[in-house]
Amino acid sequence: MDINEIKELVSQFDQSSLTEFDLREGQFELYMNKNESSRGVNASLPILAASENEQVAQKLAQSDSQMPVVKQETVQIQQETFKGIEVKSPIVGIVYLQSAPDNPPFKSVGDNVAKGEVICIIEAMKLMNEITSEVDGKIVDILVENETVVEYGQPLIRIQPN
C-alpha cells in the first residue's frame, strides 16, 4: 500500500461516520480510531520503533504539505509487577458485574472474595455463565466495565490471593 492510498483512506475515514477502522493486508496494518478511548496495545502485534514512526511522519509531511501533520509522542508502557491472578473470560460474551441493573455489583475493588464465589456473569447466546473466583483473596482491579463485550481469554478481574 503506497502513501497516496493511505492518505485517501485517512481522508475517507475522517469524513465518514465510522468510529474505528482496522486494515490488515499482508505485513501492513492500519488502525484508525475516532473514539475517546482506544483499544489496548496487543503485545503480539509488531510495534514500530520511534525512528520508524518519525520516518513515516516525515514522508507524509514531505509528500503533501496541505495535509496536517499530527504531533507524535512516544509513549512508554510500564507493566506493573503483579503477584496474583487474573480471572480471564472463558468465553466471548457480555460481562455483567451485577446480578440485575438495580442490584449492587458482585464485587468492588478492595472487597474480599472467597474461592467459588461469583464475581461476574458472562452472557453468551442467551445463557448466563457465572464466573467464580479460583482463590480466596482481595479484588485488586476490575479490568472491564459492566455490560461490555469481552473476548475469550480477556482479563476481567485481578485478585491478590490471601
Side-chain angles (χ1 to χ4, degrees), residues 1 5-6 9-10 12-14 16-53 56-57 70 72-162:
M1 180 163 266
E5 291 174 318
I6 295 172
L9 280 173
V10 170
Q12 288 179 4
F13 176 72
D14 190 41
S16 75
S17 62
L18 293 174
T19 57
E20 282 188 281
F21 179 79
D22 196 358
L23 172 69
R24 293 184 180 142
E25 186 177 285
Q27 294 281 45
F28 178 78
E29 294 184 21
L30 175 67
Y31 175 71
M32 295 184 276
N33 183 347
K34 292 181 187 176
N35 298 323
E36 290 182 21
S37 63
S38 181
R39 70 180 181 190
V41 174
N42 187 340
S44 67
L45 295 177
I47 299 174
L48 294 177
S51 62
E52 291 174 314
N53 281 336
V56 170
V70 178
Q72 295 187 3
E73 298 178 13
T74 304
V75 178
Q76 275 190 337
I77 299 174
Q78 295 179 345
Q79 190 170 8
E80 60 186 60
T81 305
F82 175 70
K83 295 180 180 174
I85 67 157
E86 285 184 337
V87 177
K88 297 182 180 183
S89 177
I91 55 176
V92 175
I94 300 172
V95 67
Y96 296 99
L97 300 176
Q98 54 200 56
S99 59
D102 56 341
N103 289 357
F106 289 109
K107 293 294 175 183
S108 300
V109 174
D111 288 352
N112 288 320
V113 65
K115 182 177 181 176
E117 191 173 357
V118 175
I119 52 178
C120 66
I121 295 174
I122 298 179
E123 177 185 1
M125 298 177 63
K126 303 294 180 191
L127 294 174
M128 299 298 179
N129 301 279
E130 291 183 342
I131 308 303
T132 58
S133 176
E134 300 169 7
V135 296
D136 293 336
K138 184 176 184 180
I139 304 289
V140 176
D141 200 3
I142 298 176
L143 305 169
V144 293
E145 291 184 29
N146 191 40
E147 298 182 5
T148 57
V149 177
V150 294
E151 300 292 326
Y152 170 79
Q154 178 179 345
L156 305 171
I157 296 174
R158 289 186 180 144
I159 300 175
Q160 183 69 47
N162 287 341

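One is the number of the first residue; the rest follow in order along the sequence. Just the heavy atoms: all of them, side chains too, but no hydrogens, waters or symmetry mates, feed the values below.
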With sequence neighbours excluded, residues passing salt bridge (charged side-chain N to carboxylate O under 4.0 Å, His left out) with Glu117
Lys107
Which pairs of donor and acceptor atoms, one on a side chain in residues 143-150, lie under 3.5 Å apart (sequence neighbours left out)?
unit_1, atom_1, unit_2, atom_2, d
Asn146, OD1, Leu97, N, 2.7
Thr148, OG1, Glu145, O, 2.8

Give the table of side-chain donor-acceptor pairs shorter than 3.5 Å for residues 118-135, with sequence neighbours excluded, one pair per line with atom names and distance.
unit_1, atom_1, unit_2, atom_2, d
Glu123, OE1, Tyr96, OH, 2.8
Asn129, ND2, Ile122, O, 3.1
Asn129, ND2, Leu127, O, 3.3
Ser133, OG, Val135, N, 3.3
Ser133, OG, Val135, O, 2.5

Who passes side-chain hydrogen bond (donor to acceptor under 3.5 Å, both in side chains) against Gln98, sequence neighbours left out?
none
Under the rule for side-chain contact (heavy atoms from CB on, under 4.5 Å), what residues qualify as partners of Asp136, not counting sequence neighbours?
Ala114, Lys115, Asn162
Interatomic distance, NZ@Lys138 vs CZ@Arg158, rounded to 0.5 Å, equals 15.5 Å
As an exercise, state the distance from CD of Glu20 to CE of Met32, rounded to the nearest 0.5 Å.
11.0 Å
Identify, with sequence neighbours excluded, every residue that meets side-chain contact (heavy atoms from CB on, under 4.5 Å) alongside Ser16.
Phe13, Leu18, Lys34
Evaluate the criterion side chain to side chain contact (heavy atoms under 4.5 Å, CB included) for residue pair Ile159 and Ile139; output intermediate values, then yes/no.
CA-CA 5 Å; Ile159 300 175; Ile139 304 289; 4.1 Å; yes
Qualifying residues under side-chain contact (heavy atoms from CB on, under 4.5 Å), relative to Ser99, sequence neighbours excluded:
Asn103, Phe106
Scanning both residues in full, the closest heavy-atom pair of Pro161 with Gly84 reads CD-CA, 3.7 Å
